[in-house]
Protein chains: 2
Amino acid sequence: MRPTIKDVAREAKVSISTVSYAINNSDRISEKTRNHVLEVAKKLNYSANSNAKRLRQKNVGAIGIFFNSWFGPIYSELVQGIERKVHEMGYDLIACSLFGGAESTAHRYLKDHMIDGAIILSNAFDDDFLKSVASKDLPIVALDREVKAEHIYNILIDNFGGAFGATKQLISSGCKQVHYFCGPDDSYDNQKRLEGYIAALGFYNVKFDNNLIIKSDFTEEDAYLKMKEIIDQGDAPKAIFSANDEMALGIIRAANENGIKIPEQLKLIGFDNIRESERTTPALSTVTHHKYEMGVKAVEVLFSAMNSEEEIEQVTILPTQIVERETV
Amino acid sequence: MRPTIKDVAREAKVSISTVSYAINNSDRISEKTRNHVLEVAKKLNYSANSNAKRLRQKNVGAIGIFFNSWFGPIYSELVQGIERKVHEMGYDLIACSLFGGAESTAHRYLKDHMIDGAIILSNAFDDDFLKSVASKDLPIVALDREVKAEHIYNILIDNFGGAFGATKQLISSGCKQVHYFCGPDDSYDNQKRLEGYIAALGFYNVKFDNNLIIKSDFTEEDAYLKMKEIIDQGDAPKAIFSANDEMALGIIRAANENGIKIPEQLKLIGFDNIRESERTTPALSTVTHHKYEMGVKAVEVLFSAMNSEEEIEQVTILPTQIVERETV
DNA sequence: CTGAAAGCGCTTACAG
DNA sequence: CTGAAAGCGCTTACAG
């Protein structure tokens, strides 16, 4: 059986209060006593029962992170930022399984308040659910998603601005026709990027042409297929703004296979600056955002919400920048 | 403030025992009372404080999963198997951050017994640490790694057999020289696969030639570079057994770029059967194992260890098979 | 069928 | 500087 505080007290011949003070580094006991207790605790391999501790202290000491899949390459740096910052704040970070729908660990941990705060990168929770669990005691930070409610904070990147800038650059480099490779309709990112694209057309008085909007789904494979299709139809695009980099990868592959020279015959800008984007031939120009910093920011907002009494921003928008490589 | 069982009791005008019975579906109270209590609980948005519950019940109800990175493509199906099975057993599944070394959430959760069992796909814990935390109350299942100790169970794939079979096939198809693309020295998988390779050579009385062992590191990029180097030196390999698929991807890329025809001029077999392996041109022949089933098995072993009194197998070895595609 | 009470393992005012 | 005791929110024998 696991030793309890009682066992340590008995073995060290002190009261359980003293053990508690020793373990928690209180300065109310003498150095000598503390060392003695700590020694005994170590000998018994004692560690405090967290359930008892948390019950007493009314805090959990953990932040939950929720993503659709535990394995999406995009998030890697973002999560690193989150991990480091949460650790720095002295909290634990746990990710909960979403398997099982409304009965999933993720749902239970949110409902049962098994965490002190949540960071969400997932659309597996609907807005109503999030609203029902968010509170001052369990604030939620949602990334790349707009959820307007008390105790829910949104951190977004400037999708609109990034798309606007990318499209603008394509147009101002002389392209009168800019194709837009589109992500899924229900993607928040895609919507905003499309808006930015349209706004840039408007800015330059270029007429919006629905035929230039290529419906795809954010995957390399589908974009590759769509691009090949277009090329086969005989009128290859001169300029493309791709709503994400993965699709841009597929576009490059199709272009290369068909002898279309980039950037001479086709200019291309992606979005996200994923790792692979600098390794393509030619290297992909793209819109970047600081993922690591986004993670850090998310944690900062979360802890302000947990601790501070003052109003904090409900929505934070992080800037984007164009990184010019060889496709434009 | 969150409502407690007291609040529900007061509001429902019953004792807290009755509330507890109602919430936990005990048949000791009348249907009528239960419904009434449940209604009040719902109205107050009550959910039991898990810390109190767990303290009382002396169980946690959660399994921990630990992987080096939350984002390694190999694990996806494996984790799906684990998620489904853990959920089926009525337990929660949480992944703990490894950031912070010995002070990480992962280490703390293991030490402090915040979980009832652990599944480990990581080399971030050394054997001694695992041995010190494993117990009947917190058994550990280690995947793809041999840790021999009480309460630690190993689930392995038949690396040796798979490598033996792959090499054997290459030799028996007429290749007298088979190169081995090597993973990192400290990789358990790599060691076993190398042993299988060597054994197959022995089986066919082919002399081991150290020049055919190409030191690489499991990555596409490095294998690509190494392969190019070899080709540039003028004596392109006729047959390669690659210790994993990612390296095989790099090998194919280098071969394709240098006009080496696969499988006519070069036969190649990889290991792991990652998703990309069927999409390469030509499609990669490889050694496969059932990742989803491995996840399920891991959970089964873990729960046996947690619940059953009888001896259970310390080591489980899962079979591998060769999937023939176009590179051989 | 229902309730009063003990106790899980801690922390922390309070007393000395 | 140390200890006795209350209490966190539950569950569960026990009594009625």
Side-chain angles (χ1 to χ4, degrees), chain A residues 1-41 44-62 108-109 111-116 137-138, chain B residues 1-41 44-62 108-109 111-116 137-138:
Chain A
M1 275 293 79
R2 258 183 102 191
T4 70
I5 198 171
K6 263 190 195 162
D7 299 317
V8 179
R10 190 183 321 111
E11 185 76 12
K13 301 194 193 310
V14 294
S15 72
I16 60 166
S17 327
T18 301
V19 176
S20 178
Y21 294 138
I23 299 290
N24 295 299
N25 276 312
S26 158
D27 53 3
R28 301 179 45 168
I29 58 176
S30 70
E31 198 58 23
K32 189 162 161 266
T33 314
R34 179 201 320 292
N35 288 146
H36 172 57
V37 171
L38 256 25
E39 223 165 80
V40 173
L44 296 184
N45 199 16
Y46 171 78
S47 72
N49 177 313
S50 331
N51 290 128
K53 196 164 187 159
R54 290 174 172 187
L55 173 58
R56 196 38 234 260
Q57 295 189 146
K58 305 210 164 291
N59 114 313
V60 182
R108 177 164 31 250
Y109 272 44
K111 267 191 293 192
D112 289 0
H113 211 297
M114 303 284 289
I115 46 180
D116 294 315
D137 292 330
L138 173 38
Chain B
M1 276 292 80
R2 258 183 101 192
T4 72
I5 198 170
K6 263 190 193 163
D7 299 317
V8 179
R10 190 184 320 112
E11 184 76 12
K13 299 192 194 312
V14 294
S15 73
I16 61 166
S17 326
T18 301
V19 176
S20 178
Y21 293 138
I23 299 289
N24 295 298
N25 275 312
S26 159
D27 53 3
R28 301 179 46 169
I29 57 175
S30 71
E31 198 58 23
K32 190 162 157 267
T33 314
R34 178 200 320 292
N35 288 145
H36 172 56
V37 171
L38 256 27
E39 222 165 79
V40 173
L44 297 184
N45 198 17
Y46 170 77
S47 72
N49 178 313
S50 331
N51 290 127
K53 196 163 187 160
R54 289 175 172 187
L55 172 59
R56 196 38 234 256
Q57 294 187 146
K58 305 208 164 291
N59 114 313
V60 181
R108 178 166 29 250
Y109 272 44
K111 269 190 294 193
D112 289 2
H113 211 298
M114 303 284 291
I115 47 181
D116 294 316
D137 293 330
L138 173 39

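Here is how names work: the chains are called A, B, and so on, in the same order as the sequence lines, proteins then strands, and each is numbered from 1.
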Please determine whether a side-chain nitrogen or oxygen atom of [X] lies at a distance below 4.0 Å from atom OP1 or OP2 of [N].
X        : N       : result
Ser50(B) : dC10(D) : no
Lys58(B) : dG9(C)  : yes
Ser20(A) : dC10(C) : no
Ser15(B) : dG3(C)  : yes
Lys53(B) : dT11(D) : yes
Asn49(A) : dC8(C)  : no
Ser30(B) : dC1(C)  : no

Nucleotide nearest [X] (side chain, heavy atoms from C-beta), chosen from [options]:
X        : options                   : result
Thr33(B) : dC8(C), dT2(C), dT12(C)   : dT2(C)
Tyr46(A) : dT11(D), dA13(C), dC10(C) : dC10(C)
Ser17(B) : dC10(D), dA4(C), dC8(C)   : dA4(C)
Tyr21(B) : dG3(C), dG3(D), dG9(D)    : dG3(C)
Ile16(B) : dC10(D), dC14(D), dT12(C) : dC10(D)

Side chains of [X] and [Y]: does their closest heavy-atom pair fall under 4.5 Å?
X         : Y        : result
Tyr21(A)  : Thr33(A) : no
Asp137(B) : Arg2(A)  : no
Lys6(B)   : Ile16(B) : yes

[atom1] of [X] versus [atom2] of [N]: gap in Å, rounded?
X         : N       : atom1 : atom2 : answer
Asn51(B)  : dG7(C)  : CG    : P     : 22 Å
Asp137(A) : dC8(D)  : CG    : C1'   : 15 Å
Lys6(A)   : dG7(C)  : NZ    : P     : 9 Å
Arg10(B)  : dG9(D)  : CZ    : P     : 11 Å
Asp27(A)  : dC1(D)  : CG    : P     : 8 Å
Asp7(A)   : dC8(C)  : CG    : P     : 11 Å
Gln57(B)  : dG7(C)  : CD    : P     : 18 Å
Asn25(A)  : dT12(C) : CG    : C1'   : 16 Å

Are Arg34(A) and Ser26(A) close enough that a side-chain donor and a side-chain acceptor fall under 3.5 Å?
->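 Note: Arg34(A) and Ser26(A) side chains miss the donor-acceptor criterion.
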Exercise for the section: State whether a side-chain donor-acceptor pair under 3.5 Å links Ser15(B) with Thr18(B). Expected result: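 Yes, a side-chain donor-acceptor pair sits under 3.5 Å.
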Both distances under 3.5 Å, Watson-Crick or G-U wobble: report the partner of dG3(C), or none.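 Looking at the geometry, dG3(C) pairs with dC14(D).
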field: Least distance between heavy atoms, Leu44(A) atom then Pro3(A) atom
entry: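 So the minimum-distance heavy-atom pair works out to O-CG, 3.3 Å.
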Check: dT2(C) base within 3.5 Å donor-acceptor of Arg28(B) side chain
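Answer yes: a donor N or O sits under 3.5 Å from an acceptor.
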